[in-house]
**Q** 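Sending over a structure as structure tokens; questions will come in a sec.
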Amino acid sequence: MTKHNPTSIVIFGASGDLARRKLVPSFFNLFRKRKTPKLITIIGFGNTDFSDEQFRQHLREGLNQFAGFKFTEEEWNLFARRLHYHRGRYTDLDDFRKLSEHLKNLPTIFPNVIDLLGLTDQLQENEGWRRVVVEKPFGPDLASARQHNLQTHKVLNENQVYRIDHYLGKETVQNILFTRFANTIFEPIWNRNYIDHVQITVAEKVGVEHRGGYYDTIGVVRDMVQNHLLQLLTLVAMEPPASFNATALRNEKVKVLSAISPMTPARVAENTLRAQYKGYRSEPDVRADSSTATYAELRLFVNNWRWQGVPFYLRSGKNLTEKLSQIVIQFKEPPLAMFPMPPDRKMASNLLVLSIQPDEGVHLRFEAKAPDTVAETRSVDMEFHYAESFGPTAIPESYERLLLDALQGDASLFTRADEVEMAWGLIDPIVQTWETEQTPPLAGYKPGTWGPAEADSLLVRDGRRWHYDKPAK
Ligand code: BG6
């Protein structure tokens, strides 16, 4: 992308939720910050019957609700002129012909849409570029993910495809790489010799809200673990790439996924826990006898020299106590308990907490001598909060980063076809075993709690404990 090249963006499904909540506010904020090309045109394509003006009004109302930034009417008016709407059906070739007349050389999201547009024509070198940004689901299983990829690759090269996992757009998720590889102090201890285990929590306070119909066919493992949690795991576990580019980074992530022990039904029974919140079956559009899990816990092992024997515990759920996403690296206990301790107390382990949200930051917990005692220790925190160091509004919406990267042709923060398939390869046997063998049994939990009984947790059964605590302000 250069600032002066005219750039056209087509949003398919433009009358839907994502466009109004995330995509258009993100493009608008990038435009305000002068990060988009000057000559940008955004065309919304959708089923709803909007005029350009109605479309703009619909998005303007969305901004009141969803924009996480302040803007002036003048800025909006400048941007609004760049917005247009084209009504059409995704299966109708004629509608696409009309769209093509409206705008030449269009990329799109759905494989059938890609076919209809005939993106196979290669652009001449001086004619610019075409890229397709795709939002999930890239599934809901390995077979369909393969099918998507096959269809996509019939008309596009992999380097034209930008598959979004919005977790990768979060500053704190990108900061995992910076914490590890822009410092020298962590890497020497980032392995099985020093790390006892890794905990990855993505907890949500909300239930399924208005998405009951979709969620009931998908469940927590496909909705959150296959993508977001496995992405977090790969960033924590990967080897240092030789350079900060899309190929090197994604190669390392794929290596991590391929080193995770595959799941057999016996391993699913041993290494997973599933639960559903009470009242879920009465949510709108949810089946009355649904056995869809809204909470899951997984214990995974990455079988390579760095991680052999170190459990990665992953958990995610809806309707939990609070919204909290964090990665806790728990280090091993000191080899010798040199300081005298009351018999009921154990030496605390050091923790490195990568706080993804809502209190973005990093903190390190270590032991200090309690003053005015002979040899008592207390756990204390060294804390970094983004809000304190960079200001309360420093963190942009994750879609901003991703959309800008897609405009600039940087695919580092997008998932590659093989990565998506590898992740489904891990998840498929879990979902299948849950469905066909009903193992492990579906537990229940009360909304507003941390999930099923703590004693059932795989991590707790291993003699460990979950860390809930956020860094104190
Ligand atoms: C989406 C899931 O991918 O991520 C939703 O489909 C979930 O079910 C959302 O609520 C969570 O994203 P965030 O950024 O709020 O943690």
Side-chain angles (χ1 to χ4, degrees), residues 13 16-23 25-26 29 65-68 109 133-141 145 162-176 199-235 274-277 280 283-286 290 292-296 314-327 354-361 386 395-403 413-415 419-420 423-424 427 431 447-448 450-451 470:
D17 216 32
L18 188 71
R20 196 156 101 123
R21 266 175 194 266
K22 302 284 187 188
L23 304 181
S26 296
N29 208 20
Q65 232 179 313
F66 305 117
I109 51 176
V133 181
V134 198
E135 181 48 71
K136 72 165 190 162
F138 320 118
D141 53 26
Y162 291 71
R163 294 178 197 78
I164 287 193
D165 181 316
H166 79 279
Y167 265 60
L168 294 176
K170 293 184 193 280
E171 289 290 339
T172 44
V173 173
Q174 294 160 49
N175 193 47
I176 300 170
Q199 315 184 348
I200 303 181
T201 299
V202 177
E204 295 190 89
K205 197 174 166 62
V206 292
V208 294
E209 298 179 296
H210 58 282
R211 295 159 77 224
Y214 158 80
Y215 193 89
D216 202 37
T217 59
I218 294 291
V220 61
V221 166
R222 288 164 159 153
D223 188 46
M224 299 295 286
V225 181
Q226 185 273 345
N227 40 36
H228 309 323
L229 279 91
L230 284 182
Q231 286 295 328
L232 297 178
L233 183 151
T234 56
L235 295 174
R274 60 181 179 136
Q276 188 185 73
Y277 64 79
Y280 170 73
E283 297 275 19
D285 304 323
V286 167
S290 169
T292 298
T294 60
Y295 175 96
L314 277 53
R315 65 172 173 168
S316 182
K318 293 219 182 264
N319 234 331
L320 301 179
T321 313
E322 58 184 295
K323 185 173 175 84
L324 174 68
S325 299
Q326 65 175 22
I327 300 166
L354 307 171
S355 301
I356 308 297
Q357 59 190 28
D359 181 13
E360 292 95 347
Y386 271 82
I395 295 207
E397 162 60 50
S398 54
Y399 279 84
E400 269 187 44
R401 165 91 275 129
L402 296 175
L403 295 172
L413 300 178
F414 295 84
T415 42
E419 207 176 339
V420 171
W424 279 118
I427 294 305
V431 179
W450 280 106
K470 289 174 291 179

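Along the sequence shown, residues carry numbers from 1. Scope of the values below: all heavy atoms of this structure, side chains included, with no hydrogens, waters or symmetry mates. Just so you know, ligand 1 is whichever comes first in the structure, and atom 1 is the first atom listed for that ligand. A quick note: this is a predicted structure, and the numbers were derived from the prediction, not measured.
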**Q** Which pair of non-hydrogen atoms, one from E397 and one from S26, has the smallest distance, and what is that distance?
**A**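 Heavy-atom minimum between the residues: CG-OG, 3.5 Å.
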
**Q** Which protein N or O atoms sit under 3.5 Å from any N or O of ligand 1? Give atom names and distances.
**A**
unit_1: ligand 1; atom_1: 3 (O); unit_2: K136; atom_2: NZ; d: 2.9
unit_1: ligand 1; atom_1: 3 (O); unit_2: H228; atom_2: NE2; d: 2.7
unit_1: ligand 1; atom_1: 6 (O); unit_2: K136; atom_2: NZ; d: 2.9
unit_1: ligand 1; atom_1: 6 (O); unit_2: R211; atom_2: NH2; d: 2.9
unit_1: ligand 1; atom_1: 6 (O); unit_2: D223; atom_2: OD1; d: 2.6
unit_1: ligand 1; atom_1: 6 (O); unit_2: D223; atom_2: OD2; d: 3.4
unit_1: ligand 1; atom_1: 8 (O); unit_2: R211; atom_2: NH1; d: 2.9
unit_1: ligand 1; atom_1: 8 (O); unit_2: D223; atom_2: OD2; d: 2.6
unit_1: ligand 1; atom_1: 8 (O); unit_2: K318; atom_2: NZ; d: 2.8
unit_1: ligand 1; atom_1: 10 (O); unit_2: E204; atom_2: OE1; d: 2.5
unit_1: ligand 1; atom_1: 10 (O); unit_2: E204; atom_2: OE2; d: 3.4
unit_1: ligand 1; atom_1: 10 (O); unit_2: K318; atom_2: NZ; d: 3.1
unit_1: ligand 1; atom_1: 12 (O); unit_2: H166; atom_2: NE2; d: 3.1
unit_1: ligand 1; atom_1: 14 (O); unit_2: H166; atom_2: NE2; d: 2.8
unit_1: ligand 1; atom_1: 14 (O); unit_2: K170; atom_2: NZ; d: 2.6
unit_1: ligand 1; atom_1: 15 (O); unit_2: K323; atom_2: NZ; d: 2.6
unit_1: ligand 1; atom_1: 16 (O); unit_2: Y167; atom_2: OH; d: 2.4
unit_1: ligand 1; atom_1: 16 (O); unit_2: K323; atom_2: NZ; d: 3.4
unit_1: ligand 1; atom_1: 16 (O); unit_2: Q357; atom_2: NE2; d: 2.8

**Q** Work out which heavy atom in D223 is nearest to a heavy atom in I218; give both atom names and the distance.
**A** N-CG2, 3.6 Å

**Q** With E419, which residues qualify under side chain to side chain donor-acceptor pair (under 3.5 Å), at least two apart?
**A** Q231, K253

**Q** Residues two or more places apart in sequence or in another chain: which of them pass side chain to side chain donor-acceptor pair (under 3.5 Å) with R21?
**A**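 Once residues adjacent in sequence are excluded, the partners of R21 under the side chain to side chain donor-acceptor pair (under 3.5 Å) criterion are D17.
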
**Q** Could you check whether the rings of Y167 and H228 sit parallel, tilted or perpendicular, using 30° and 60° as the cut-offs?
**A** parallel

**Q** Test of understanding: with side chain to side chain donor-acceptor pair (under 3.5 Å), list the residues that count as partners of R222, not counting sequence neighbours.
**A**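 Side chain to side chain donor-acceptor pair (under 3.5 Å) list for R222, sorted by chain: empty.
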
